[in-house]
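Read through the structure below, which is laid out as structure tokens, and then see the notes.
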Amino acid sequence: MDVKTIMVVGAGQMGSGIAQVCAVAGYEVLLYDISSAQLDKGMANIQKLLARQVEKGKMAAEDKDAALSRLVRSTDLHDAEKADLVIEAVVENMDVKTKLFAELDAIARPETILASNTSSLPITEIAAATKRPEKVIGMHFMNPVPVMKLVEIIRGLATADDVYETIEAVTRTLGKVPVEVNDFPGFISNRVLMPMINEAIYALYEGVATKEAIDEVMKLGMNHPMGPLTLADFIGLDTCLYIMETLHEGFGDDKYRPCPLLRKYVKAGWLGRKTGRGFYTYE
Ligand SMILES: CC(=O)CC(=O)SCCNC(=O)CCNC(=O)[C@H](O)C(C)(C)COP(=O)(O)OP(=O)(O)OC[C@H]1O[C@@H](n2cnc3c(N)ncnc32)[C@H](O)[C@@H]1OP(=O)(O)O
Ligand SMILES: NC(=O)C1=CN([C@@H]2O[C@H](COP(=O)(O)OP(=O)(O)OC[C@H]3O[C@@H](n4cnc5c(N)ncnc54)[C@H](OP(=O)(O)O)[C@@H]3O)[C@@H](O)[C@H]2O)C=CC1
């Protein structure tokens with residue numbers, strides 16, 4: 001299938017990053033969010049990041065303008081009928097995602113592919129909320145989207161081969177590297193990453209070391225670009241908790257139990273960078 005127009009649903013940190021790379025790569029992009037304020041924030045962030053690329057001499061000013069002219073904000077989900085591909089990037093919650101996919105299924109043209117940027121939830125279950133499970137697929141970008149090379153592509157039980165091939169081709173057009181993964185909780189990325197982050201939170205909870213010391217050990221000792229607690233703040237502590245809950249429930253194994261300290265921070269609304277406070281505080 002020839003993808004020309006992409007609708008990104010959810011203008012948070014992931015959705016705005018995905019919209020940015022799609023517009024830069026030459027696609028017509030519609031960026032949708034239920035919250036108009038979030039949409040303004042997402043659009044402003046894209047403009048800021050592209051302007052910075054121009055300032056650094058990494059992008060021509062006319063390429064930035066052309067990318068921005070291909071990017072349109074949307075507050076009407078019915079715009080999905082214009083899209084060849086919809087990429088969903090709303091909150092990591094199965095009820096929200098299945099409701100949204102059922103709505104998108106009713107609006108989008110029959111040939112439109114519905115992709116989810118979920119970081120852990122079963123693609124097969126999201127697909128079952130639609131009448132086109134063969135056209136539903138996981139397209140898992142990494143944060144920050146403009147920088148990170150990987151897109152984990154997840155095949156649901158019913159995902160058709162031609163749909164996989166289309167998404168693989170789109171991923172390469174975005175300048176990213178696709179890696180194929182089957183549909184199990186957390187896929188590969190978060191099955192491996194998130195238990196490490198959760199363990200770092202346990203180490204803090206048990207008083208093994210300070211947050212700074214835990215981060216320093218992993219940065220200097222293991223060459224990680226960010227320590228695990230800084231990375232958790234960067235991802236969003238709500239998202240980290242939802243991923244751990246998906247692993248815990250999906251495998252039924254207590255080795256994935258979320259740390260009580262993580263739950264406490266999320267209950268307090270300390271979600272990390274996006275709310276100005278998590279393990280660290282931010283301006
Ligand atoms: C939870 C999931 O489901 C899956 C996930 O995404 S897990 C999270 C995966 N991501 C990671 O692990 C990120 C780990 N951190 C890093 O790789 C690095 O710290 C980092 C790339 C974020 C920043 O790198 P750095 O070298 O410390 O900083 P800096 O030199 O300022 O930035 C490097 C580049 O990234 C860009 N950048 C940094 N943060 C950015 C952001 N939030 N958005 C967009 N671009 C960003 C900078 O503009 C800079 O670009 P240029 O090279 O074009 O100038
Ligand atoms: N953070 C990360 O590092 C990564 C996250 N992901 C996944 O990407 C998805 C989004 O995460 P992220 O961008 O970090 O989260 P954010 O909280 O930054 O953004 C989520 C956005 O979705 C909006 N939203 C919520 N419900 C709906 C809805 N029903 N319809 C439309 N928009 C809605 C939210 O609006 P409002 O704020 O008004 O509720 C918010 O703007 C999640 O599935 C997450 O697991 C994947 C890879 C990495």
Side-chain angles (χ1 to χ4, degrees), residues 7-21 24 31-43 45-46 48-59 74-77 79-80 86-104 115-121 123 126 138-152 154 181 186-194 196-197 215 218-219 223-228 230-247 266 271-275 278 282:
M7 184 177 195
V8 179
V9 178
Q13 54 177 344
M14 293 306 289
S16 60
I18 294 166
Q20 177 182 326
V21 296
V24 169
L31 179 58
Y32 167 89
D33 200 285
I34 34 167
S35 149
S36 183
Q38 182 68 50
L39 202 46
D40 289 341
K41 211 168 134 192
M43 294 291 282
N45 206 30
I46 295 171
K48 194 179 81 191
L49 287 170
L50 291 182
R52 209 186 291 158
Q53 291 296 97
V54 173
E55 273 165 34
K56 285 186 193 162
K58 295 192 169 178
M59 181 184 257
S74 163
T75 48
D76 185 357
L77 200 61
D79 282 335
V86 179
I87 305 175
E88 166 276 316
V90 306
V91 63
E92 187 74 347
N93 176 295
M94 184 54 98
D95 291 342
V96 175
K97 289 200 197 280
T98 47
K99 186 170 168 285
L100 182 63
F101 269 73
E103 284 179 71
L104 288 168
S116 175
N117 180 53
T118 176
S119 40
S120 61
L121 296 167
I123 297 303
I126 295 173
M139 196 177 185
H140 184 207
F141 291 81
M142 302 293 125
N143 188 11
V145 179
V147 179
M148 307 298 281
K149 285 281 172 220
L150 174 72
V151 177
E152 209 177 19
I154 303 104
V181 175
F187 320 125
I188 291 296
S189 52
N190 282 315
R191 183 167 179 173
V192 177
L193 174 72
M194 210 44 77
M196 181 200 71
I197 288 178
D215 277 349
M218 298 307 285
K219 271 175 69 177
N223 252 2
H224 289 194
M226 285 173 167
T230 302
L231 183 56
D233 275 358
F234 183 62
I235 291 167
L237 301 189
D238 52 341
T239 302
C240 293
L241 177 60
Y242 302 150
I243 294 168
M244 285 311 296
E245 283 173 339
T246 302
L247 292 171
V266 172
L271 306 184
R273 230 177 245 247
K274 62 184 167 187
T275 57
Y282 302 87

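Every number for a ligand or one of its atoms is a count from 1 in the order of the listing. Because only heavy atoms are used, hydrogens play no part in the values below, and waters and symmetry mates are left out as well, while side chains stay in.
- For ligand 2, one of its N or O atoms has an N or O atom of Q13 under 3.5 Å away.
- Residue-ligand proximity: K97 is placed with a non-hydrogen atom under 4.0 Å from ligand 2.
- Considering backbone and side-chain atoms alike, D238 places every N or O at 3.5 Å or more from each N or O of ligand 2.
- Within the set M14, R273, M194, M148, the minimum heavy-atom distance to atom 11 (C) of ligand 1 is found for M148.
- Atom 29 (P) of ligand 1 is never approached by the protein to below 4.0 angstrom, counting heavy atoms only.
- Side-chain contact between L31 and I46 is present, with at least one heavy-atom pair separated by less than 4.5 Å.
- Note that atom 41 (C) of ligand 1 has protein non-hydrogen atoms nearby, at separations under 4.0 angstrom.
- Residue contacts with ligand 2: N143 is placed with a nitrogen or oxygen under 3.5 Å of a nitrogen or oxygen of the ligand (distance criterion only).
- Within the 4.5 Å cutoff, the side chain of V24 has heavy atoms near those of the L50 side chain.
- By the definition of a contact as any protein heavy atom under 4.0 Å away, atom 36 (P) of ligand 2 is not in contact.
- In H224, neither the side chain nor the backbone holds a heavy atom less than 4.0 Å from any atom of ligand 1.
- Protein heavy atoms are absent from the space less than 4.0 angstrom from atom 38 (C) of ligand 1.
- Counting protein heavy atoms under 4.0 angstrom from atom 39 (O) of ligand 2 gives zero.
- Using 4.0 Å as the threshold, Q53 has a heavy atom nearer than that to some atom of ligand 1.
- Considering backbone and side-chain atoms together, V9 places no N or O closer than 3.5 Å to any N or O of ligand 2.
- For a threshold of 3.5 Å applied to N or O pairs, the pair formed by N117 and ligand 2 contains at least one separation below that value.
- Proximity of F234 to ligand 2 is not established, as no heavy-atom distance is less than 4.0 Å.
- In summary, of the residues considered (N190, L237, I235), a side chain to side chain contact (heavy atoms under 4.5 Å, CB included) with I197 occurs for I235 alone.
- Of the protein's non-hydrogen atoms, the one nearest atom 15 (O) of ligand 2 is K274 NZ, 3.9 Å.
- Atoms of ligand 1 lying under 4.0 Å from at least one heavy atom of K58, given by number and element, are 51 (P), 52 (O), 53 (O), 54 (O).
- Here is the list of ligand 1 atoms found below 4.0 Å of a heavy atom in M142: 4 (C), 5 (C), 6 (O).
- Heavy atoms of L193 found under 4.0 angstrom from ligand 1 belong exclusively to the side chain.
- A salt bridge links D238 to K274: one of the charged nitrogens lies within less than 4.0 Å of a carboxylate oxygen.
- The shortest separation from a heavy atom of A89 to ligand 2 is under 4.0 Å, placing the residue in contact.
- Considering only non-hydrogen protein atoms, atom 12 (O) of ligand 1 sits nearest to L231 CD1, 3.6 Å.
- At a heavy-atom distance under 4.0 Å, no atom of Y242 approaches ligand 2.
- For atom 19 (O) of ligand 1, the nearest protein heavy atom lies closer than 4.0 Å.
- Note on ligand 1: V147 sits in its first shell, one or more heavy atoms being nearer than 4.0 Å.
- A search for salt bridge (charged side-chain N to carboxylate O under 4.0 Å, His left out) contacts involving E92 returns K97, not counting sequence neighbours.
- When only non-hydrogen protein atoms are considered, atom 48 (O) of ligand 1 lies nearest to K56 NZ, 3.2 Å.
- The presence of a protein heavy atom under 4.0 Å from atom 35 (O) of ligand 1 is confirmed.
- When distances from atom 23 (C) of ligand 1 to the protein are checked, no heavy atom turns up under 4.0 Å.
- Polar contact with ligand 1: present for N143 (N/O pair, distance under 3.5 Å).
- For ligand 2, the polar-atom distance check against D33 finds a nitrogen or oxygen pair separated by under 3.5 Å.
- At a distance under 4.0 Å, a protein heavy atom can be found next to atom 53 (O) of ligand 1.
- In this structure, atom 46 (C) of ligand 1 has protein heavy atoms in its sub-4.0 angstrom surroundings.
- For G15, no nitrogen or oxygen atom sits less than 3.5 Å from a nitrogen or oxygen atom of ligand 2, counting backbone and side chain alike.
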